[in-house]
Number of protein chains: 2
Amino acid sequence: MTKAHPTIAEVARRAGVSPATVSRVLNGTARVSQEKVRAVLQAVEELGYAPSPLAQGLATGRSYAVGILLSDFASPFFGPILEALTLELEATPYRPIAVPGHWSLVRELEALEFLKAHRVEALVLLGTALDGEALGELGIPVLAFGQRVEGPKAWSLCLDNQKAAYEATRYLMDRGHTRIVHVSSHRGGMDVRERLLGYRKAMREAGLEARVVYGDLEEEGGYRAAAEAFRRYPDTTALFAANDQTAFGARLYLYEQGLRVPEDVSLVGFDDIALSAYQIPPLTTVRQPIQEIGIALGRALRAVLAGEVPTPPRLELTLVERASVREVGA
Amino acid sequence: MTKAHPTIAEVARRAGVSPATVSRVLNGTARVSQEKVRAVLQAVEELGYAPSPLAQGLATGRSYAVGILLSDFASPFFGPILEALTLELEATPYRPIAVPGHWSLVRELEALEFLKAHRVEALVLLGTALDGEALGELGIPVLAFGQRVEGPKAWSLCLDNQKAAYEATRYLMDRGHTRIVHVSSHRGGMDVRERLLGYRKAMREAGLEARVVYGDLEEEGGYRAAAEAFRRYPDTTALFAANDQTAFGARLYLYEQGLRVPEDVSLVGFDDIALSAYQIPPLTTVRQPIQEIGIALGRALRAVLAGEVPTPPRLELTLVERASVREVGA
DNA sequence: CTGTTAGCGCTTTCAT
DNA sequence: ATGAAAGCGCTAACAG
């Protein structure tokens with residue numbers, strides 16, 4: 001059995017060179033003669049040597065780690081973004097350290113401490129509640145999705161949620177709906193509030209009454225919110241949910257009440273998570289380009305780490321028409 | 001603006017003590033006089049000092065990091081397990097480093113190298129394709145879910161998939177179904193194969209023809225597999241999918257074909273992911289206790305790291321009856 | 001081109 | 001109880 005973790009010194013001894021030379025060979029930091037290169041490589045091979053990132057980090061002051069702070073590993077929205085993002089980072093020397101904030105501000109703060117301690121070279125925020133307060137003196141680039149971050153090294157990827165929500169509401173109105181409920185949430189960040197704003201704007205412009213209920217951005221909350229919606233507004237003909245999970249919850253409530261979708265009630269979601277296309281009926285929803293978002297964040301991260309200014313990607317929120325909306329009275 | 005990362009030396013200077021004493025105070029490694037303790041604590045506070053895990057790791061040879069290797073951050077099954085697991089680890093000094101293998105063996109191998117390099121003290125495998133081969137000389141405890149690992153420091157959490165699949169098939173047969181298709185997959189690990197075995201056993205015992213098609217354990221594959229199933233076996237009355245995502249895909253196919261669930265075709269899934277209860281109709285499926293699995297893995301991890309042998313948790317796979325199955329001809 | 005020498009920030013003997 | 005000193009594994013000047 002070979003030693004668990006041979007050190008650079010052992011490699012050097014075996015190759016008959018100095019540790020510095022081994023380092024040079026492995027990092028390509030300087031020219032080394034053919035024969036020594038070969039000797040080193042062979043020794044590395046034989047010993048199964050792999051440099052310790054700990055030691056490297058300590059010596060160089062660089063960690064090549066980037067922190068990713070997200071609300072929740074279980075989220076069908078952020079999970080796939082994280083997946084795309086890590087995939088995008090694969091080809092770089094940077095390694096993501098993903099930590100969940102579990103929807104709690106204190107946990108997010110702890111997670112932030114953890115990442116700071118690990119000397120991450122940049123930070124990506126995915127739908128957290130963190131604000132400038134906590135991020136103030138971080139001194140590293142901070143990228144964010146779904147929330148705005150400020151500062152010299154900050155970069156946020158923000159899509160126009162308000163406009164998209166406005167258009168989704170208009171879409172329902174164009175199909176004859178006037179009694180439209182929006183299921184919003186106090187949870188979540190700025191983007192959720194912007195959706196509410198967009199809805200309100202559309203309703204106001206059309207001279208319609210804004211009907212808003214609140215969920216928790218998960219299925220259960222959507223179910224309860226739908227129940228509340230129909231208790232308060234029994235004549236509702238359309239539900240516009242702040243995210244797809246909420247829409248799924250609402251959908252179940254309607255089903256249990258014997259209300260058909262879309263015959264009796266139309267339903268629109270937001271996000272277009274993977275499962276939305278597989279709902280019965282397939283859910284009409286505002287598509288967030290999840291994979292592209294992950295990729296864009298990855299690219300931006302690379303740019304920022306290279307000292308460049310990321311070019312804002314052209315990403316749009318678009319309504320994808322499926323089968324959960326019907327013309328009123330049709 | 002305070003310095004980004006004050007070192008222990010600066011704290012020591014400010015507190016008028018030696019670095020060693022600061023270390024002792026912070027780690028409780030030895031008795032230190034009241035006054036010095038106070039001085040150190042104050043200096044730490046004022047400087048906003050946080051020890052560098054890198055340096056600590058280097059000095060102690062311990063990393064307090066545990067590696068978690070999973071197939072995919074986007075998975076609605078492994079994502080929530082990961083969430084529960086990390087939550088369970090929260091109260092311990094150990095920090096999870098989660099890396100996705102992106103369903104590719106080479107990537108998993110790379111991820112493994114990465115974790116090894118980071119000196120993780122234990123490894124958790126969530127549905128990977130890694131076998132003893134690669135794990136052989138790891139020298140650290142390896143825990144696994146959904147696959148069996150061997151070795152002196154290995155521990156696997158395996159539920160009886162075969163039995164559960166057997167029972168699910170019997171459940172369909174008890175309701176008059178005889179033409180039952182199982183949608184399996186070549187992807188995935190041992191557990192998926194065991195489900196297939198359980199299905200086959202039930203069919204064989206009942207003298208029925210085994211009808212098996214294959215998907216990819218995701219929605220799209222389920223859709224295609226369902227199409228194939230009905231092409232090859234048009235008289236099928238029930239579909240038993242190897243996981244819920246597959247069932248969702250199949251469900252969409254049925255919907256598009258005008259086949260009603262459960263009136264025309266009954267559908268059973270496996271996993272009981274969060275969304276299954278919110279399908280229309282709610283999906284009858286074999287429940288894997290996702291959260292309990294995550295917690296059990298977390299506990300086992302703590303036990304293993306404490307040098308103990310984890311007590312196998314009592315976790316069962318149980319069929320949860322919802323609305324996607326109907327008595328044949330009813 | 002290559003070996004020697006200093007650290008990186010922390011813990012841990014070893015003295016005192 | 002506490003400081004000095006050595007060392008964890010590696011890289012980066014600095015001499016040759």
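Chain letters run A, B, ... following the sequence lines, proteins first, then strands; residues in each count from 1.
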Between protein and nucleotides 10-12 of chain D, what N or O pairs are separated by less than 3.5 Å?
{"residue": "D:dC10", "atom": "OP1", "partner": "A:Tyr49", "partner atom": "OH", "Å": "2.4"}
{"residue": "D:dC10", "atom": "OP1", "partner": "A:Ser52", "partner atom": "N", "Å": "3.3"}
{"residue": "D:dC10", "atom": "OP2", "partner": "A:Ile8", "partner atom": "N", "Å": "2.2"}
{"residue": "D:dT11", "atom": "OP1", "partner": "A:Asn27", "partner atom": "ND2", "Å": "3.0"}
{"residue": "D:dT11", "atom": "OP1", "partner": "A:Gln56", "partner atom": "OE1", "Å": "2.8"}
{"residue": "D:dT11", "atom": "OP2", "partner": "A:Ser23", "partner atom": "OG", "Å": "2.9"}

Protein-nucleotide distance ([X], atom [atom1]; [N], atom [atom2]), rounded to Å:
| X | N | atom1 | atom2 | value |
| --- | --- | --- | --- | --- |
| B:Glu10 | C:dC8 | CD | P | 11 Å |
| A:His5 | D:dG9 | NE2 | P | 10 Å |
| A:Glu35 | C:dT2 | CD | C1' | 12 Å |
| A:Gln34 | C:dT2 | CD | P | 10 Å |
| B:Arg13 | D:dT2 | CZ | P | 19 Å |
| B:Leu58 | D:dG7 | CG | C1' | 10 Å |

Checklist entry - Does the side chain of A:Gln147 pick up a donor-acceptor pair with the side chain of A:Thr128 at under 3.5 Å? => result yes
Considering residues at least two apart in sequence or located in another chain, which fulfil the ring pair (Phe, Tyr, Trp, His ring centres under 6.0 Å) criterion with [X]?
| X | value |
| --- | --- |
| B:His102 | none |
| B:Phe73 | A:Phe73 |
| A:Tyr94 | A:Tyr64 |

Item to check | N-O pairing of A:Lys116 and A:Glu113 below 4.0 Å | outcome: yes
Next on the checklist: Would you say A:Thr21 places a side-chain N or O within less than 4.0 Å of OP1 or OP2 belonging to C:dG3?
Outcome noted: yes
Checklist entry - To 10°, what angle do the rotation axes through the five end pairs on each side of the helix from C:dC1-D:dG16 to C:dT16-D:dA1 form? => result 40°
Checklist entry - With sequence neighbours left out, which residue pairs that include part of residues 71-87 of chain A fulfil the salt bridge (charged side-chain N to carboxylate O under 4.0 Å, His left out) condition? => result none
Next on the checklist: For the CD atom on A:Glu308, are there more than 12 heavy atoms of other groups (residues, nucleotides or ligands in this structure) within a distance under 6.0 Å?
Outcome noted: yes
Next on the checklist: Please check: side-chain N/O of A:Gln291 versus main-chain N/O of A:Ile81, any donor-acceptor pairing under 3.5 Å?
Outcome noted: no
